[in-house]
Each structure stands twice: as structure tokens, then as C-alpha cells.
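Chain identifiers are assigned alphabetically (A, B, ...) following the order of the sequence lines, protein sequences preceding nucleic acid strands; residue numbering begins at 1 within each chain.
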Number of protein chains: 2
Amino acid sequence: MTNSTTPHTVPRASLKRLPLYLHLLENLMADGVEYVSCTQLAKEFDFDAILVRKDIELTGEVGTARIGFKVATLIGSIKSFLGWDKEQDAFLVGVGNLGKAILGYKDFKKYGLNIVAAFDNDSRKVGTKVFGYEIFSTSKFGDLAKRMHIYVGIITVPPEHAQEAVDLMVDAGIKAIWNFSPAPLRIPEGVILENVRLTQSLAVLTNKLKRVFKS
Amino acid sequence: MTNSTTPHTVPRASLKRLPLYLHLLENLMADGVEYVSCTQLAKEFDFDAILVRKDIELTGEVGTARIGFKVATLIGSIKSFLGWDKEQDAFLVGVGNLGKAILGYKDFKKYGLNIVAAFDNDSRKVGTKVFGYEIFSTSKFGDLAKRMHIYVGIITVPPEHAQEAVDLMVDAGIKAIWNFSPAPLRIPEGVILENVRLTQSLAVLTNKLKRVFKS
DNA sequence: AATTTATCGATATATAATTATCGATTATAC
DNA sequence: GTATAATCGATAATTATATATCGATAAATT
Ligand SMILES: NC(=O)c1ccc[n+]([C@@H]2O[C@H](COP(=O)([O-])OP(=O)(O)OC[C@H]3O[C@@H](n4cnc5c(N)ncnc54)[C@H](O)[C@@H]3O)[C@@H](O)[C@H]2O)c1
Ligand SMILES: NC(=O)c1ccc[n+]([C@@H]2O[C@H](COP(=O)([O-])OP(=O)(O)OC[C@H]3O[C@@H](n4cnc5c(N)ncnc54)[C@H](O)[C@@H]3O)[C@@H](O)[C@H]2O)c1
């Protein structure tokens, strides 16, 4: 009776809340907390408790009335649901300011993402090392990706070169692309594209701010 | 009749799509394109044309049947609606990997955000320069923010220090906080908090990828 | 032991967001 | 000039998402 009610379309909004819970749960775990209720979780984020329960329901985890959910197993369920239980190896293309910051960020491993190599087409960067990662020429991307069975690609090149990076990745058999450039990209059927648009977040901020100043 | 139908709550999803249109519109503008229809815009992003029209409606811009919208004025309307028509000065706290990348990113200015100074509590960093920005001690934040009438703060410190940064900003009269740390933060009534959670985006990617591998 | 209270799971309702429909409008083709 | 096709604005229908309700359950309280 766990997954019989699971809808075939996972709400994107739920998918985005689950990492929030996970992060908090890991803190609770570290503090030795054994059980947590939806009410408690909800309070932390100013969500509705029922919303949290519905999100958790997606993962298949079942709780106990009056007690809530076991922190340790809930962490496992969320990770498994998100695909963070086993590490995904990834290649990064574009070792500029943002690319470097991502290479230097150790926590992605916790979230199942293991960056194994980085690529750039600037000959001055090729051969150098950044946070222990050797920078390869993009010409090596295809061979290495196939040899190492890489299915995840991260794009941190300028927008005008983002489509090139996509094409490179698609040719190399990459199945999922995490794109940080603001360019609209074309991908073939079957390849997953997830965009990080900082300006979207900025838009929400400034629009709200505008209304604060008005009133 | 322009804004009489405008709802008092702006859909967050719309707010996030507007920058996408804007980016494309600016490219069109640069290419000398004078008019654009919702159909064209929609095709670029694989959105429904009606969705695009509704989003544009929010900005108050009116179009002409068969022609569409004038690119130049539409850009203006979107920018104004997002609060990107006049620059907002901002302070950044936490000049680490991500903070540096943000300081080095010139395009935020296009989106109405003008970073004017950066702060860190690492004494080795204080006094140095990063991309032309002098790094100040966080102890100077309050004075400078008040003196320079700064209302926007950017947080790029480790999660365990993010609440400190919030408190610092709130005390200094900051009205809107753009937070890049994954920590859940407490803010007083009236202050705007916008979080950038890269792991949320990663969650969507890996969950989708998991299902690709399953089938 | 009985009562109270918190919380679960399931189901129902309400709200928000997206997509469809339709008459009006205007350039382009004939 | 008249017909055709594209697209607008407005309204309606649909779908997705969030919130409310309710009986069941299990700890805490009396
Ligand atoms: N830095 C930020 O804070 C920030 C914020 C929002 C969005 N972005 C986006 O992220 C992307 C990277 O930004 P950045 O600030 O790191 O830029 P950057 O200019 O610092 O770095 C770009 C890197 O990509 C490399 N590159 C260019 N074309 C390439 C290609 N075809 N193949 C491989 N490598 C290539 C360059 O050599 C450079 O090292 C951009 O699309 C930018 O719009 C950055
Ligand atoms: N780097 C990434 O790609 C990335 C990705 C996702 C999230 N983040 C988040 O962004 C934040 C910054 O990440 P990072 O990789 O740049 O970390 P970092 O460790 O490189 O930089 C943190 C900086 O903050 C400074 N700092 C610490 N405490 C401070 C305080 N109380 N006041 C002022 N400055 C203080 C440190 O001296 C350091 O310079 C973190 O919360 C991280 O979780 C980073």
C-alpha cells in the first residue's frame, strides 16, 4: 500500500521541498534526534503540515501516529527518492568564476553528485588544476565521457557558447544536463535539462522589493 | 483597462518566466527585430502561447492583433514590472568561492542589481580586493549600509553562519536578502527573503534521471 | 484504566496555475 | 476590395497544487 497511490507525475514543487527537509533532518540526526513530526518540520519552513506530509508520502515513507517519522529512515527514503542514494558521476564544462565555485563546493557529494573532471576550451586553463581537478580540453570530453560512463554534465560556459556545450554533451551520450547559463537551449528527446536561473530568483526579490518601496 | 484586472498576488511562476522572455527580447532587440508575438516567444521556451500572453498581461503591456508586441517597449514594461528599471545597490557578505563568482559576474547590473561592496569576517581577506571590490570587515556593515542607503543584502557565507549574516543585515536596515546558503533562516516581518537553493534544482535533475535509468 | 492530545493516513475541498475557446482586429494574399 | 490567417484580449474550462476535515492510533496525563 506504499506506492499504489503515488501519482505518475511528481509535483516539481514537492521535489524542491524535499531537499529542504533533508538538510534539516541531517542536522536533527547529528543532534541525536530520533523522531520528527510533520508539524515540527512544517514550522521550520513556515509550510503547512499537511503539505509536508504529502511530500513525505511521495517517498513511500510511513510514519506513526503521535510520534511522527523516524529521522534515520526518512533521510534514507528521501535520498532514495531523489536519486541521492548512489553517487552520480559528472563532468563540468566551463571553468570560469562560477565553474570554479562549483568545483570547490564539497557538499554536492552529499547530494549524490560527484564531479570527476572539468573541461574548458581556453588553452591557458587546460592542463592546470582547480581544487584538485585537472582541466581538460573539451576535445577530450567525448572519449572520456564514454570511457568513464558519465551521464551527467554541468554547463558553466558563457550563454553564447552554451549550445555548443550541450551538443558536445549530447554527442558524448550525456543523459542529464545541469545548466547555469541563461541561454535557452535545444536538447533532443530523452535528454533531461535542468536550468539554474539566478536571475529568476532575483526577479522575485526585486519585484517584491519594488512593492515594499511603493507602499 | 490595463491594470484593472491585475491580481493583487503575482504568480511566482510568472515572475520567474519574465526574465527568460527579457533575455530573449534583448537578443531580438540586438538583432533589430521590432515586433514579437507570444507564439514566437512561447516556441523558444516550449511554453504555451497563452501562458506567455498572461505573463505579459501582468506587466500592463498591450499588444496588437496579428503583429504582437513591440520589442523595445515590452522590454521596458518587463524591466519596470520586475523593478529592474532602476538600479538597486547591494552589499555582499561572505567572499568565498561563490561570493567571488557573484562579484565577478558583470551581468547582474543589467538586472538592476549593483553590488557596491563586499564583507567578510576572515581577517586575511579584509583589505584585499576582489574584482575591484574592496573587502570590508563585517563590523563595518551597519555603518556603511546606513550611510549609503543600502537595502539589498546578498548572503554567501557557510550555512552555520548565515543567521548571523541575516541579523547583521536586519540590524543595518536591509529590506531584502538574497540568500545562497542552504540554512533555513528567520527574518522579521517586513523583510524580504529570497533563497537560491542549488540543491533543489539538483533534486529535480537527479529524480528525473533516476526514472530514466529505471525505464 | 479512562481521558486527553498530537499526529498519522485518507479523502474532500479550495485555491492557484495552466490551457482552451471565442469574438475582435489587422496585416498579407488574392 | 475581399478573403484569409495570425494573434490579440477576455472569459471559461481544466489541471495541478495546497489546505481542510475526519476517523484511527498511540503516547502522555489524570
Ligand atoms: N558568475 C556568476 O555569478 C553567474 C551568475 C549567473 C549566471 N552565470 C552564468 O554562468 C555561466 C558562467 O559564468 P562565469 O561568470 O563563470 O563566466 P566566465 O566567463 O568566468 O567563465 C566561462 C568559462 O567558460 C569557458 N568557455 C567558454 N566557451 C567555452 C566552450 N565552448 N567550451 C568550454 N569552455 C568554454 C571560458 O574559457 C571560461 O573559463 C555564464 O553562462 C553566466 O551567464 C554566472
Ligand atoms: N560554492 C558553491 O558552488 C555553492 C553551491 C551551493 C550553495 N553554496 C552555499 O553558498 C555559501 C557559500 O559557499 P562557498 O562555497 O562560497 O563557501 P566558502 O567557504 O568558500 O566561503 C564562505 C566565506 O564566508 C566567510 N564567512 C564565514 N562566516 C562569516 C561571517 N559570519 N560573516 C562574514 N563572512 C563570513 C568566509 O570567510 C568565507 O570567505 C554556503 O552557504 C554554501 O552552502 C555554495
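- One interatomic measurement links the two molecules: CZ of A:R12 to P of C:dT18, which rounds to 12 Å at whole-angstrom precision.
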If you apply the rule side-chain hydrogen bond (donor to acceptor under 3.5 Å, both in side chains), what do you find for A:E61 with A:T73, and how did you get there?
CA-CA 8 Å; A:E61 186 71 5; A:T73 60; 2.7 Å; yes
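- For the pair B:F47 CZ and C:dA20 C1', the interatomic distance rounds to 19 Å; values are reported in whole Å.
- When the side-chain nitrogen and oxygen atoms of B:T64 are compared with OP1 and OP2 of D:dC8, none of them lie within a distance under 4.0 Å.
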Applying side-chain hydrogen bond (donor to acceptor under 3.5 Å, both in side chains) to B:Y105 and A:N97, what does each step give before you reach the verdict?
CA-CA 8 Å; B:Y105 191 58; A:N97 292 325; over 6 Å; no
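- Contact between the side-chain N/O atoms of B:R53 and the OP1/OP2 oxygens of D:dC8 is found at a separation under 4.0 Å.
- Put simply, CD on B:E57 is 14 Å from P on C:dA17, counting in whole angstrom units.
- Separating the OH atom of A:Y35 from the C1' atom of C:dT7 is a distance of 14 Å, rounded to the nearest angstrom.
- In this structure, B:L51 atom CG and D:dT14 atom P are separated by 19 Å, rounded to whole Å.
- Residue A:R17 places at least one side-chain N or O under 4.0 Å from the OP1 or OP2 atom of D:dA18.
- Between the side chain of A:R66 and the base of C:dT5, at least one donor-acceptor pair of N or O atoms lies under 3.5 Å.
- To the nearest angstrom, P of D:dA18 lies 12 Å from CG of A:L15.
- Between A:P19 and A:Y111, every side-chain heavy-atom pair lies at or beyond the 4.5 Å cut-off.
- Residue B:A65 is the one, among A:I50 and B:A65, whose nearest nucleotide of DNA chain D lies closer to the 5' end (criterion: closest heavy atom).
- Within the 3.5 Å criterion, the main-chain N or O of B:E44 finds a donor-acceptor partner in the side chain of A:R186.
- When rounded to the nearest whole Å, the span between CG of B:D48 and P of D:dT7 equals 14 Å.
- Two residues, B:D55 and A:S37, neighbour DNA chain C, and the one matched to the more 5' nucleotide by heavy-atom proximity is A:S37.
- For A:E194 and A:R12, the salt-bridge test passes: some basic side-chain N is under 4.0 Å from an acidic carboxylate O.
- Between the NZ atom of B:K70 and the P atom of C:dA27 there is a distance of 14 Å, given to the nearest Å.
- Residue B:K54 places its side chain closer to C:dT19 than to any other of D:dT19, C:dT19, C:dC8.
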